[in-house]
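Keep in mind it's a predicted model, so treat the numbers as computed, not measured.
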Amino acid sequence: MPHDLVLADIRLDGEAADLGIEGGRIARIGPPGTLEGAEALRLGGALVIPGLVDGHIHLDKTYLGLPWRPHRPDGSVAGRIAAEKAERQAIAEPMALRARRLVDHVVARGTTALRTHVDVDTEVGLAGLDALLALRQEVAGLCDIQIVAFPQSGVTSHPGCASLLEEAIRAGADLVGGLDPAGIDEDIEGQLGIVFGIAERQGAGLDIHLHDPGELGAYELRRIAARTRAAGMQGRVAVSHAYALGMIEDATLGRTAAALAEAGVAIMTNGPGPEAILPVKRLVGEGVAVFVGSDNIRDAWSPYGNGDMLERARLVGYRAALLTDEELRLGLDLVTKAPATVMGRECAIAEGAPADLVVVRAAHVPEAVASAPARELVIKAGKVVARDGRLV
Ligand SMILES: [Zn+2]
């Protein structure tokens with residue numbers, strides 16, 4: 001029986017193979033020259049890797065496609081929030097259009113699933129969420145989208161936010177967000193009580209932005225771990241950034257990592273330049289689920305970011321000293337299997353797995369992570385959705 005589509009003459013991390021796709025899934029992996037398809041693409045020994053997964057993006061914030069907007073310098077998180085609100089007034093193009101442009105942009109670079117945060121506060125209400133819920137339907141054949149209701153303006157310090165977050169989950173957001181319980185709200189247990197309460201009542205996951213530094217941030221991480229265990233939410237809670245883990249003394253790092261691993265709390269990094277890099281290898285060695293995302297892509301928070309998750313793996317790998325072949329393979333995991341697992345998704349090149357695949361010119365995975373070559377093909381659920389960096 002011929003398959004719907006065969007990727008012929010490919011490499012799977014060094015091994016020559018053919019790969020047959022049926023009904024959107026990988027049906028068969030066989031030796032080269034053994035599979036037949038209704039359609040066959042001969043790929044001349046190119047490497048096939050899993051579809052890339054962006055574990056943390058802000059589709060609603062991007063200025064991509066607009067005329068260049070100079071970055072307004074302000075180091076503090078609170079200052080950036082204020083600058084962003086001021087800028088938001090000046091942008092005429094609807095957010096839905098910018099978000100769609102960014103989805104197209106990242107899909108062309110191999111992203112087949114992503115977790116986006118969307119601002120929820122008393123100024124924007126649920127308008128951003130509604131736009132992204134509609135977008136999720138619109139792009140279902142290109143990319144799977146998970147949505148975090150993100151309290152960018154604070155929780156206990158922003159009256160009305162708690163009920164909006166709960167409404168956001170009822171309206172279709174998948175996860176409750178949080179933001180610097182100490183640094184923004186100055187009320188660690190207050191904010192955590194609210195966001196864990198909503199998550200428990202609504203059966204939602206949690207993904208908390210935590211920029212709070214040093215011992216303070218590490219203490220908050222251990223409180224999040226303790227609350228995760230108490231709520232029985234192991235495997236459903238993530239903390240994004242957690243810069244503190246790159247700033248604390250070894251013994252504190254050890255017990256904080258142990259608490260995170262035991263509670264199944266995952267840690268997202270995008271490897272931002274000005275911050276201390278997380279000890280990725282150490283955390284993974286201690287059993288912590290580490291995953292990677294883009295975070296900001298040309299928005300009020302950063303003029304950088306291009307949504308290219310293979311390049312992001314290269315950047316995090318460069319900063320976190322992923323050097324041996326085994327460590328470079330971990331680099332690919334950080335932008336494929338690790339974020340997919342956090343999002344409750346299957347991600348593997350194996351018979352039965354979803355046929356979300358990316359084709360690049362590299363001999364094997366270590367070379368692909370070290371060099372981040374261009375994406376020749378992007379396949380979503382068995383269909384070619386992008387070729388040579390452009391949507392088809
Ligand atoms: Zn973020």
Less than 4.0 angstrom from a charged side-chain N to a carboxylate O is my criterion; do R387 and E376 meet it? no
Among V369, L322, T269, which residue meets the side-chain contact (heavy atoms from CB on, under 4.5 Å) test with L334? L322
Does D9 use its side chain to pair, donor to acceptor, with the backbone of R42 at less than 3.5 Å? no
Which distance, rounded to the nearest 0.5 Å, do you find between the CD1 of I248 and the OH of Y219? 14.5 Å
Is there a donor-acceptor pair closer than 3.5 Å between any side-chain N or O of D207 and the backbone N or O of V239? no
Identify whether the distance between the nearest side-chain nitrogen and carboxylate oxygen of E93 and R101 falls below 4.0 Å. yes
Verify side chain to side chain contact (heavy atoms under 4.5 Å, CB included) between L19 and I349, making sure each step is shown before the conclusion. CA-CA 9 Å; L19 185 150; I349 298 197; 4.0 Å; yes
Taking every non-hydrogen atom, the tightest pair across E220 and P181: OE2-CD, 3.2 Å
Donor-acceptor contact present, side-chain Q202 to main-chain I198, <3.5 Å: no
Between E15 (side chain) and L12 (backbone), is there a donor-acceptor pair under 3.5 Å? no
Atom pair CG (L179) and CG (L210), whose distance is rounded to the nearest 0.5 Å: 9.0 Å
Could you walk me through whether D13 and H364 pass the side chain to side chain donor-acceptor pair (under 3.5 Å) test, one step at a time? CA-CA 4 Å; D13 202 11; H364 41 54; 5.1 Å; no
Count I, L, V, M, F, W, Y as connected when their side-chain heavy atoms are under 4.5 Å apart, and connections chain through other members. Are L35 and L43 then in the same cluster? no
Write down the atom of K380, the atom of G141, and the distance for their closest heavy-atom approach. CG-O, 3.2 Å
Under 3.5 Å: donor-acceptor pair, side chain of R314, backbone of A370: yes
Measure from the side-chain N and O atoms of S157 to the backbone N and O of G154, and report whether any donor-acceptor pair falls under 3.5 Å. no
Charged N-O contact under 4.0 Å between D388 and R375: no
Can you tell whether the side chains of E346 and K337 come within less than 4.0 Å, N to carboxylate O? no
Is it possible for you to say whether V385 and I57 belong to one hydrophobic cluster, with membership spreading through side-chain heavy-atom contacts below 4.5 Å? yes
Can you give me the closest heavy-atom contact between A168 and A149, atom names plus distance? CB-CB, 3.6 Å
Report yes or no: does T228 contribute a side-chain atom to a donor-acceptor pair with the main-chain N or O of A263 at less than 3.5 Å? no
Short side-chain donor-acceptor distance under 3.5 Å, S294 and D54: yes
Are any non-hydrogen side-chain atoms of R115 and H56 less than 4.5 angstrom apart? no
Do D295 and H58 get their side chains close enough for a donor-acceptor pair, meaning under 3.5 Å? yes
Kindly determine whether T256 and R222 satisfy side chain to side chain donor-acceptor pair (under 3.5 Å), including the steps that lead there. CA-CA 6 Å; T256 306; R222 295 193 300 274; 3.0 Å; yes
Between R80 and D299 (salt bridge meaning N to carboxylate O under 4.0 Å), is one present in this structure? no
Decide whether a cation-pi geometry holds between R298 and Y63; the criteria are a distance under 6.0 Å from NZ or CZ to the six-membered ring centre and an angle within 45° of the ring axis. no
Is there side-chain contact between T112 and V107, with at least one heavy-atom pair below 4.5 Å? no
Judged by atom type as modelled, is there a donor-acceptor pair below 3.5 Å linking the side chain of T62 to the main-chain atoms of L59? no
Counting heavy atoms not belonging to Q234, are there more than 12 under 6.0 Å from its CD? yes
How about H158 and T122: does a side-chain donor come under 3.5 Å of a side-chain acceptor? yes
Quick one: CD on E286 to CG on L253, what's the gap to the nearest 0.5 Å? 6.5 Å
Look only at the side chain of D180 and the backbone of A182, and say whether a donor-acceptor pair between them is shorter than 3.5 Å. no
For L132 against A99, the heavy-atom pair lying closest together: CD2-CB, 3.9 Å
G51 and V358 have their tightest heavy-atom pair at CA-CG2, 3.8 Å
Can V48 be reached from V6 by stepping across I, L, V, M, F, W or Y side chains whose heavy atoms are under 4.5 Å apart? no
Heavy-atom distance under 4.5 Å between the side chains of I184 and V77, does that happen here? yes
Residue pair N296 / S302, side-chain donor-acceptor N/O under 3.5 Å: no
I'd like to know if R329 and D333 make a salt bridge, using a cut-off of under 4.0 Å between side-chain N and carboxylate O. no
Atom CG in L175, atom CD1 in I147: separation rounded to 0.5 Å? 10.0 Å
Could you check whether any side-chain heavy atom of I224 comes within less than 4.5 Å of a side-chain heavy atom of I208, counting everything from C-beta outward? yes
Worked check of side chain to side chain donor-acceptor pair (under 3.5 Å) between H209 and S240: CA-CA 5 Å; H209 278 68; S240 289; 5.1 Å; no
Between D185 and Q191, a side-chain donor and acceptor under 3.5 Å: yes
Rounded at 0.5 Å granularity, tell me how far CG in N270 sits from CZ in F291. 11.0 Å
Please examine the side chains of I10 and L47, heavy atoms only from C-beta on, and report whether any two atoms are closer than 4.5 Å. no
Taking all atoms of both residues into account, what is the closest heavy-atom pair of M247 and G214, and its distance? SD-N, 3.5 Å
Would you say P272 and Y304 make side-chain contact, with heavy atoms under 4.5 Å? no
E36 atom CD, neighbour heavy-atom count above 12 within 6.0 Å: no
Nearest-0.5 Å distance that lies between atom CG in L164 and atom CD1 in I169: 11.5 Å
Student check: side-chain heavy atoms of L165 and V120 closer than 4.5 Å: yes
Given D119, L102, V124, the one that forms side-chain contact (heavy atoms from CB on, under 4.5 Å) with D60: D119
Hey, quick one: are L66 and V106 part of the same hydrophobic cluster, counting side-chain heavy atoms closer than 4.5 Å, chains of contacts allowed? no
Determine whether more than 12 heavy atoms belonging to other residues, nucleotides or ligands lie under 6.0 Å from atom NZ of K281. yes
Donor-acceptor under 3.5 Å (E84 side chain, W301 main chain): no
Looking at side-chain heavy atoms only, is the closest gap between M268 and V292 below 4.5 Å? no
Single-linkage hydrophobic cluster, 4.5 Å side-chain cutoff, V359 and V365 together: no
